[in-house]
Amino acid sequence: MLRTQVAILGAGPAGLVLAQLLARSGIESIVLEHRSREYVEARVRAGVLEQGSVDLLREMGVSDRMDREGMVHTGLELRFDGQGHRIPLTELSGGRSIMVYGQQEVVKDLIAARLAAGAQILFDAEATVVRDLQSSRPHVRFRCNGTEDELEADFVAGCDGFHGVSRTALPQSACTVYDKEYPYAWLGILAAVAPSNEELIYVRHERGFALHSMRSPHITRLYLQVVPDEDLADWPDERIWEELQARMATRDGFVLESGPILEKGITTMRSFVVEPMQHGRLYLVGDAAHIVPPTGAKGMNLAVADARVLASALDAWYAKGSTVGLEQYSETCLRRVWRAEHFSWWMTTMLHRHADEPFMDRLGLSNLRYVVSSESAARTLAENYVGLVNV
Ligand code: FAD
Ligand code: DHB
């Protein structure tokens with residue numbers, strides 16, 4: 001049996017940020033991660049860091065590579081009806097900006113920092129049961145290399161994502177689930193070709209949504225709206241490029257450069273929140289407690305924001321015996337979570353085609369026209385996109 005102060009399940013952005021913040025306060029933790037280090041470092045996911053997430057990574061001392069290789073963006077383009085409209089994010093949000101830097105790069109930097117400090121991450125360690133949550137000694141049972149073991153802690157942080165085990169430890173009678181599925185999914189690719197535009201482009205097209213993003217001056221990240229049960233086998237590379245061209249090359253003079261596809265995958269879309277995000281000594285952090293559709297680029301940022309709130313509450317408990325932060329953890333996080341749920345739903349429904357619901361299509365188009373013609377509407381998009389300071 002292992003023993004630590006905080007047992008952290010999952011080495012995604014939530015678990016790794018939490019572990020790093022706790023270490024800075026002198027609080028010991030052990031991170032249990034189901035997958036191998038190679039697997040989590042290669043998993044391609046989100047790419048946009050809000051200003052607040054960037055600031056936190058800097059404060060934590062893990063920003064050297066991000067500041068060298070990440071790309072600061074001060075605007076984005078909304079493209080529809082054959083025209084592009086730039087939303088000047090920084091100008092409209094009092095000087096804030098976003099950083100385009102892949103989630104897996106953030107994960108690599110955090111793992112390297114933790115291991116360099118001599119702290120523990122057990123890879124290939126799957127948590128199977130979380131128990132004794134109402135006691136002062138909660139336990140996590142886990143399986144590592146075929147062997148069963150147990151971890152005893154003062155607190156358990158469930159940072160194990162949407163499909164993890166920790167949320168199942170919340171008694172159904174004590175929580176409420178809010179859930180919404182969408183009639184579309186994203187087919188995402190990573191391609192070895194220079195971005196065709198300096199900024200992100202969100203496209204609404206009759207054939208469906210498309211998004212142009214990037215990872216470096218040589219790597220482009222692109223997404224296409226597809227149906228939820230889309231079969232990747234039906235999408236040979238040529239078809240993906242043809243469809244991207246059809247949806248993106250709608251503005252005069254724009255050419256989408258193509259290149260070898262390095263990675264492709266399909267992401268389904270849902271909105272999901274469980275309330276409260278805590279039970280006894282178990283605290284859910286990030287995707288374990290809530291999911292947003294990716295159109296607002298909020299998922300990773302919410303995970304980081306939750307981790308910051310929990311780290312500060314645990315710091316107050318260990319340093320001064322204060323329970324206030326822990327008692328307010330769920331309520332504090334849920335304010336930001338629900339703001340992001342609304343923004344993500346709004347961006348998603350505004351930009352996607354609703355094949356079976358023409359009413360939603362008309363609303364989406366009307367909303368886009370409003371955003372590009374009213375400074376107040378554009379400001380609403382900008383301040384939510386770069387991340388609100390007070391929610
Ligand atoms: P995760 O990153 O999911 O980390 C959870 C970790 O826990 C994982 O490493 C997992 O292996 C581990 N784990 C799971 N179960 C156990 C267990 N039983 N025991 C131990 N460890 C366990 N957001 C965007 O903004 N834009 C995007 O384009 C985008 N694309 C996405 C694509 C996919 C396929 C997915 C799943 C998510 C995507 N997201 C995107 C959302 C964003 O990546 C997440 O919000 C973010 O990863 C949340 O971080 P997290 O640390 O809470 O969870
Ligand atoms: C990326 C992903 C998003 O969901 C988004 O809204 C913007 C960019 C990306 O992977 O780069």
Side-chain angles (χ1 to χ4, degrees), residues 7-19 30-37 39-41 43-50 53 71 73 76 98-104 106-107 110-111 121-130 140-144 151 156-169 185-190 195 199-202 209 211-216 219-223 263 265-270 272 284-307 337 340 343-344 347-348 351 385:
I8 299 180
L9 313 189
L16 291 167
V17 167
L18 178 64
I30 293 181
V31 181
L32 300 179
E33 167 55 50
H34 183 189
R35 305 292 190 156
S36 67
R37 179 174 180 184
Y39 183 93
V40 296
E41 291 190 347
R43 198 165 38 191
V44 180
R45 284 185 172 177
V48 172
L49 289 167
E50 290 175 354
S53 305
M71 292 162 278
H73 284 206
L76 58 74
I98 54 153
M99 174 82 81
V100 179
Y101 188 60
Q103 176 171 330
Q104 94 238 50
V106 176
V107 163
L110 287 162
I111 290 176
I121 304 177
L122 297 183
F123 289 101
D124 303 299
E126 181 190 9
T128 50
V129 181
V130 185
V140 181
R141 192 187 293 267
F142 66 97
R143 196 179 298 126
C144 191
L151 174 59
V156 179
C159 308
D160 49 351
F162 189 64
H163 301 287
V165 70
S166 52
R167 195 175 59 254
T168 62
W186 280 10
L187 190 164
I189 64 163
L190 206 58
E199 296 185 334
L200 268 62
I201 313 170
Y202 287 82
F209 169 78
L211 170 60
H212 167 279
S213 181
M214 62 205 69
R215 288 294 177 270
S216 78
I219 304 279
T220 304
R221 178 89 167 133
L222 295 147
Y223 297 96
E263 211 259 0
I266 291 186
T267 307
T268 54
M269 298 221 188
R270 85 191 297 158
F272 178 99
L284 299 185
V285 188
D287 275 19
H290 42 75
I291 294 281
V292 286
T295 328
K298 289 284 163 243
M300 169 170 52
N301 294 293
L302 281 181
V304 170
D306 288 354
V337 167
F343 179 66
S344 305
M347 286 284 280
T348 300
L351 285 157
Y385 196 85

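Below, each value reflects all heavy atoms present in this structure, side chains not excepted, and no hydrogens, waters or symmetry copies. Counting convention: from 1, in listed order, for ligands and their atoms alike.
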Using modelled atom types and a 3.5 Å cut-off, is there a donor and acceptor pairing between side-chain atoms of S344 and backbone atoms of G296? no

State whether the side chain of E50 and the backbone N or O of N301 hold a donor-acceptor pair below 3.5 Å, judged by distance alone. no

Compute the minimum heavy-atom distance from A125 to ligand 1 and say whether it is under 4.0 Å. yes

Looking at atom 28 (O) of ligand 1, what's its closest protein heavy atom, distance included? Y223 OH, 3.1 Å

Please report the shortest heavy-atom distance between A125 and L122, naming the atom on each side. CB-O, 3.5 Å

By number and element, which atoms of ligand 1 are closer than 4.0 Å to a non-hydrogen atom of K298? 25 (O)

Does the residue F162 have a heavy-atom contact with ligand 1, meaning some pair of atoms that are separated by less than 4.0 Å? no

Nearest heavy atoms of A127 and V165, plus distance in Å: O-CG1, 3.6 Å

Can you find an N/O atom of P294 closer than 3.5 Å to an N/O atom of ligand 2? yes

Would you call R43 a ligand 1 contact, heavy-atom distance under 4.0 Å? yes

Among protein heavy atoms, which lies nearest atom 11 (O) of ligand 2, and at what distance? S213 OG, 2.6 Å

Which heavy atom of the protein is the closest neighbour of atom 22 (C) of ligand 1, given with residue, atom name and distance? H34 CB, 3.5 Å

So which atom in I8 and which in C159 form the shortest heavy-atom distance, rounded to 0.1 Å? CG2-SG, 3.9 Å

Run the numbers for me: atoms of ligand 2, each under 4.0 Å from some heavy atom of T295, listed by number. 6 (O)

Keeping R221 on the side-chain end and S213 on the backbone end, is there a donor-acceptor pair under 3.5 Å? no

Residues R43, V107; criterion side-chain contact (heavy atoms from CB on, under 4.5 Å); working and verdict: CA-CA 10 Å; R43 198 165 38 191; V107 163; over 6 Å; no

Is ligand 1 under 4.0 Å from a heavy atom in the side chain of T267, in the backbone, in both, or in neither? side chain

Provide the number and element of each atom of ligand 1 under 4.0 Å from a heavy atom of V40. 9 (O)

Residue-level breakdown please: for A14 versus ligand 1, do any non-hydrogen atoms fall below 4.0 Å on the side chain, on the backbone, on both, or on neither? both

Which ligand 1 atoms are under 4.0 Å away from a heavy-atom of G299? 25 (O), 45 (O)

For atom 10 (C) of ligand 1, which protein heavy atom lies nearest, and how many Å away is it? E33 OE2, 3.5 Å

Heavy atom of the protein closest to atom 2 (O) of ligand 1 (residue, atom name, distance): R45 NH1, 2.9 Å

Which atoms of ligand 1 are found less than 4.0 Å from any heavy atom of L32? 20 (C), 21 (N)

Is R215 near ligand 2, meaning one of its heavy atoms is under 4.0 Å from it? yes

Below 4.0 angstrom from a heavy atom of L200, which ligand 2 atoms are there? Numbered from 1 as shown, please. 7 (C), 8 (C)

Specify the protein heavy atom at minimum distance from atom 27 (C) of ligand 1: its residue, its atom name, and the distance to 0.1 Å. A46 CA, 3.5 Å

So which heavy atom in the protein is nearest atom 45 (O) of ligand 1, and how far is it from that ligand atom? D287 OD1, 2.7 Å

Minimum-distance pair of heavy atoms, taken over all atoms of A46 and M300: CB-CE, 3.9 Å

Can you pull out the closest protein heavy atom to atom 1 (C) of ligand 2? Residue, atom name and distance to 0.1 Å, please. Y223 CE1, 3.9 Å

I291 CD1 to F162 CZ distance, which is reported to the nearest 0.5 Å: 5.0 Å

Minimum-distance pair of heavy atoms, taken over all atoms of F343 and K298: CD2-CE, 3.8 Å

Can you measure from CG (L200) to CE (M214) and round to the nearest 0.5 angstrom? 5.5 Å

May I ask you to identify the nearest protein heavy atom to atom 46 (C) of ligand 1, giving residue, atom name and distance to one decimal place in Å? Q103 NE2, 3.7 Å

Distance in Å, S53 OG paired with L302 CG, rounded so as to fall on 0.5 Å steps: 8.5 Å

Atom 18 (N) of ligand 1: which protein heavy atom is closest, and how many Å away? A127 O, 3.0 Å

Is there side-chain contact between F123 and I111, with at least one heavy-atom pair below 4.5 Å? yes

What residue and atom, counting heavy atoms only, is the protein's closest point to atom 8 (C) of ligand 2, and at what distance? V48 CG2, 3.5 Å

Within the 4.0 Å heavy-atom shell around R35, which atoms of ligand 1 are there? 11 (O)

If you round to the nearest 0.5 Å, how far is CD1 of I189 from OH of Y223? 10.5 Å

Can you list the atoms of ligand 1 that are under 4.0 Å from a heavy atom of P294? 26 (N), 27 (C)

Distance filter under 4.0 Å to R45 heavy atoms, resulting ligand 2 atoms: 10 (O)

Atom OG1 in T295, atom CH2 in W186: separation rounded to 0.5 Å? 4.5 Å

Value rounded to 0.5 Å, distance of CG in D287 from CZ in F272: 10.5 Å

Should W186 be counted as touching ligand 2, given the test is an N or O pair under 3.5 Å? no

Using only atom types and a distance under 3.5 Å, with no angle test, would you say the side chain of D160 pairs donor to acceptor with the backbone of L9? no

Any atoms of ligand 1 less than 4.0 Å from a non-hydrogen atom of G286? List them with their elements. 52 (O)

Do protein heavy atoms approach atom 51 (O) of ligand 1 to less than 4.0 Å? yes

Which of the numbered atoms in ligand 2 are below 4.0 angstrom from a heavy atom of A297? 5 (C), 6 (O)

Taking all non-hydrogen atoms of both residues into account, name the closest pair between A19 and V31 and its distance. CB-CG2, 3.9 Å

Can you list the ligand 2 atoms lying under 4.0 Å from a non-hydrogen atom of Y202? 5 (C), 6 (O), 7 (C)

For G164, the atoms of ligand 1 under 4.0 Å from one of its heavy atoms are 15 (N)

Do V292 and T348 make a side-chain contact, defined as non-hydrogen atoms from C-beta onward lying under 4.5 Å apart? no

